[in-house]
Number of protein chains: 2
Amino acid sequence: MLPNINIQVNANTHIKDPNSSELGQKIVATSIEMIDELGYEHFNFRKLGKQIGSSEASIYRYFESKSKLLLYLTGWYWGWMEYKLLIRLTNIESPADRLIRSIKLLTEITEDDSIFLHVSEKRLQRIVIAESSKAYLNKEVDNENQFGVFSDYKRLVGKVSDIILEINKNYRYPHMLVSTVIEGSHLQRHFAKHLPRLTDVDQNEDLITAFYIELVKKALNLK
Amino acid sequence: MLPNINIQVNANTHIKDPNSSELGQKIVATSIEMIDELGYEHFNFRKLGKQIGSSEASIYRYFESKSKLLLYLTGWYWGWMEYKLLIRLTNIESPADRLIRSIKLLTEITEDDSIFLHVSEKRLQRIVIAESSKAYLNKEVDNENQFGVFSDYKRLVGKVSDIILEINKNYRYPHMLVSTVIEGSHLQRHFAKHLPRLTDVDQNEDLITAFYIELVKKALNLK
DNA sequence: GCAAATATAATAGTAATACTTTCAATTATG
DNA sequence: CATAATTGAAAGTATTACTATTATATTTGC
């Protein structure tokens, strides 16, 4: 346990910081379980309230809407990824190595090796894979974007893009490459499970990570 | 007008073929306009009925649900794309040329040069970009997939993957590459409009198509 | 040209959802 | 210990996604 480490999520995703109380933490932990199991559409605050033995109205005092809760969870995930990235790149000098390690982290299945989490990282990753795009694929995106609710994601993409520019400062598509890899690998994980004809799966190997690493290397003429 | 050409969409997306009546065609044409303008979430059959001067219940005789209508529209789009692909590849011999032409078609902004459409292709493409993933990012996907409602999309991905295998029969990720390019280019279009820090945009050039063509060429060591 | 089948309109209704409001009870804080 | 802040309980609202019913058109088969 490292109680002094805390993932900071953009404040406009929540009314009241869920870290500040037991109820808030329970809302977050239990909503991750429930969204993973029911899916975002079938999940609601009434069911969540019932599960944690609390009232619907109390949940609304932490999150103004179901979509803000989703934004909080995804923001938390990207913050957590950024922290993991920091650790994985510590003492790695070569920009090419740093990039490949980053791509690996961003495309791999997360393990539940969390040092301070009361919640399952694996579940949260499944939520990000299956649900996170619903947070920006709507007509409210511009409005919400003004309030910075996507900033955690953008910052992470920016950091990896910077490594690309270190390798080749003339490369024209650093952000496109990174967001293509992140979102692409999520989609491929979903396809592998549900629409396998859209991907190329293998029981024994993680071809998804292998594919994106190869793609990035070739895009940048590495190795 | 080529009245003898008709895009066939998987029959499990609709109860009654909307091509078979004037009302059916009006449902399709008007729903495209309205989903494009309101977004999938704010669109519903009551509003659609009002717009076309018809009753909600009548629409339900063509489509059993809002999500089936979305599946019909996207299925139609992929069928239409397959037809366009057929034309664009006619008389082109070289597999590499065929592939690049395919990638171009799949990543470009569609023009309204339709020869038989009563509806806007551009609008439909915007719907596919912003809404189509909602059709499979849910807990119902396996159920619906059983009934073949995604077959039009899979078939198209399969065809382009076959071109890749013609170029290099040992390439391990043909489907992954194609679905990454299609879905990736859609996402980048969305990001360019709403979350530009996640992409690399330029007012004057179509960098999205350029990026994916370069990506594919490098992935397969072309040119 | 007319009966029978089919398609559509009109209307009302249902269960669920995404919140909101109010007020009382509880708990934390200074 | 008093005051403020938090939570619970309960009821209520507007909307949505869809169903059911019945009446009226429209098409089709003969």
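Note on naming: letters A, B, ... go to the chains in the order of the sequence lines (proteins, then strands), and numbering restarts at 1 for each one. Please read all numbers here as calculations on a predicted model, not as lab measurements. Below, all heavy atoms of this structure are taken into account, side chains as well, without hydrogens, waters or symmetry copies.
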Engineer: What integer distance in Å separates B:Lys50:NZ from D:dT16:P?
Structural biologist: 12 Å
Engineer: Can you pull out the residues from residues 137-148 of chain A that lie within a 4.0 Å heavy-atom distance of DNA chain C?
Structural biologist: none
Engineer: Roughly how many Å is it from NZ in B:Lys68 to P in D:dA17, rounded to a whole number?
Structural biologist: 15 Å
Engineer: With a 4.0 Å heavy-atom cut-off, tell me which residues in residues 9-25 of chain B come close to DNA chain C, sorted by residue number.
Structural biologist: B:Lys16, B:Ser21, B:Leu23
Engineer: Is it the case that A:Lys66 places NZ or CZ above or below the six-membered ring of A:Phe43, under 6.0 angstrom from the centre and within 45 degrees of the axis?
Structural biologist: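 No, a cation-pi geometry is absent between A:Lys66 and A:Phe43.
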Engineer: Rounded to the nearest angstrom, tell me the gap between atom CZ in B:Arg46 and atom C1' in D:dC18.
Structural biologist: 13 Å
Engineer: Has B:Ser54 got a side-chain N or O lying under 4.0 Å from the OP1 or OP2 atom of C:dA9?
Structural biologist: yes
Engineer: Closer than 4.0 angstrom, basic N to acidic O: yes or no for A:Asp206 and A:Lys104?
Structural biologist: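 The answer is no: the pair does not qualify as a salt bridge.
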Engineer: To the side chain of B:Ser58, which of C:dA9, D:dG8, D:dA17 is closest?
Structural biologist: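 Selected nucleotide: C:dA9.
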Engineer: Step by step, would you call B:Lys154 with B:Glu82 a salt bridge (Lys or Arg N to Asp or Glu O under 4.0 Å)?
Structural biologist: CA-CA 11 Å; B:Lys154 294 181 199 167; B:Glu82 195 178 339; over 6 Å; no
Engineer: Strictly by modelled atom types, are A:Thr180 and B:Gln188 linked by a side-chain donor-acceptor pair under 3.5 Å?
Structural biologist: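 Looking only at side-chain atoms, B:Gln188 and A:Thr180 do form a donor-acceptor pair, the distance falling under 3.5 Å.
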Engineer: Produce a footprint string for nucleotides 19-30 of chain C: one letter per nucleotide, 5' end first; B if the base is under 4.0 Å from any protein heavy atom, S if only the sugar-phosphate is, - if neither.
Structural biologist: BBBB--------
Engineer: How close or far is atom C1' of D:dA17 from atom NE2 of A:His42, stated in whole angstroms?
Structural biologist: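 Atom NE2 in A:His42 sits about 13 Å away from atom C1' in D:dA17.
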Engineer: D:dT15 C1' sits how many Å from B:Asn44 CG, rounded?
Structural biologist: 9 Å
Engineer: What heavy-atom pair brings A:Ser151 and A:Gly148 nearest, and what distance separates the two atoms?
Structural biologist: OG-O, 2.7 Å
Engineer: May I ask you to say whether A:Lys50 pairs ionically with A:Glu56, meaning some side-chain N is under 4.0 Å from a carboxylate O?
Structural biologist: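 Between A:Glu56 and A:Lys50 there is no salt bridge, as every charged N stays at least 4.0 Å from the carboxylate O atoms.
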Engineer: Does this structure show an ion pair linking B:Lys159 with B:Asp162, if we count only N-O contacts that are shorter than 4.0 Å?
Structural biologist: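 Looking at B:Asp162 together with B:Lys159, the answer is no, because their closest N to O distance does not fall below 4.0 Å.
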Engineer: Answer yes when A:Glu41 and A:Lys134 have at least one side-chain N-carboxylate O distance shorter than 4.0 Å, and no when they do not.
Structural biologist: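 A:Lys134 and A:Glu41: salt-bridged.
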Engineer: What contact category does A:Phe63 fall into here, base, sugar-phosphate, or nothing, at under 4.0 angstrom with non-hydrogen atoms?
Structural biologist: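 The residue A:Phe63 makes no contact with any strand.
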Engineer: Restricting to non-hydrogen atoms, name the atom on B:Thr199 and the atom on A:His175 that form the minimum distance, rounded to 0.1 Å.
Structural biologist: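 Between these two residues, the closest heavy atoms are O-CB, 3.5 Å.
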Engineer: What residues, two or more places apart in sequence or in another chain, satisfy side chain to side chain donor-acceptor pair (under 3.5 Å) together with A:Lys84?
Structural biologist: A:Glu121
Engineer: Would you say that more than 12 heavy atoms from the other residues, nucleotides or ligands in this model lie under 6.0 Å from the CZ of B:Arg101, or not?
Structural biologist: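 12 or below, so no.
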Engineer: To the nearest 10°, give me the bend of the helix from C:dG1-D:dC30 to C:dG30-D:dC1, comparing the axes of its five terminal pairs at either end.
Structural biologist: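 That helix has its two terminal axes inclined by roughly 30°.
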Engineer: Could you tell me the separation between the CG atom of B:Leu69 and the C1' atom of D:dA17, rounded to a whole number of Å?
Structural biologist: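 My rounded result for the distance is 13 Å.
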Engineer: Side chain of A:Lys47: nearest nucleotide among D:dT6, C:dT17, D:dG8?
Structural biologist: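 Out of D:dT6, C:dT17, D:dG8, the nucleotide with an atom closest to A:Lys47's side chain is C:dT17.
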Engineer: D:dT19 P sits how many Å from B:Ile59 CD1, rounded?
Structural biologist: 14 Å
Engineer: Indicate whether any N or O donor in one side chain lies under 3.5 Å from an N or O acceptor in the other, for B:Thr209 and B:Thr107.
Structural biologist: yes
Engineer: Flag the pair A:His190 / A:His186 as yes when their ring centroid distance falls below 6.0 Å, and as no otherwise.
Structural biologist: no
Engineer: Per the side-chain hydrogen bond (donor to acceptor under 3.5 Å, both in side chains) rule, what does the pair list look like for residues 16-26 of chain A, sequence neighbours excluded?
Structural biologist: A:Lys16-A:Tyr62, A:Ser21-A:Tyr62
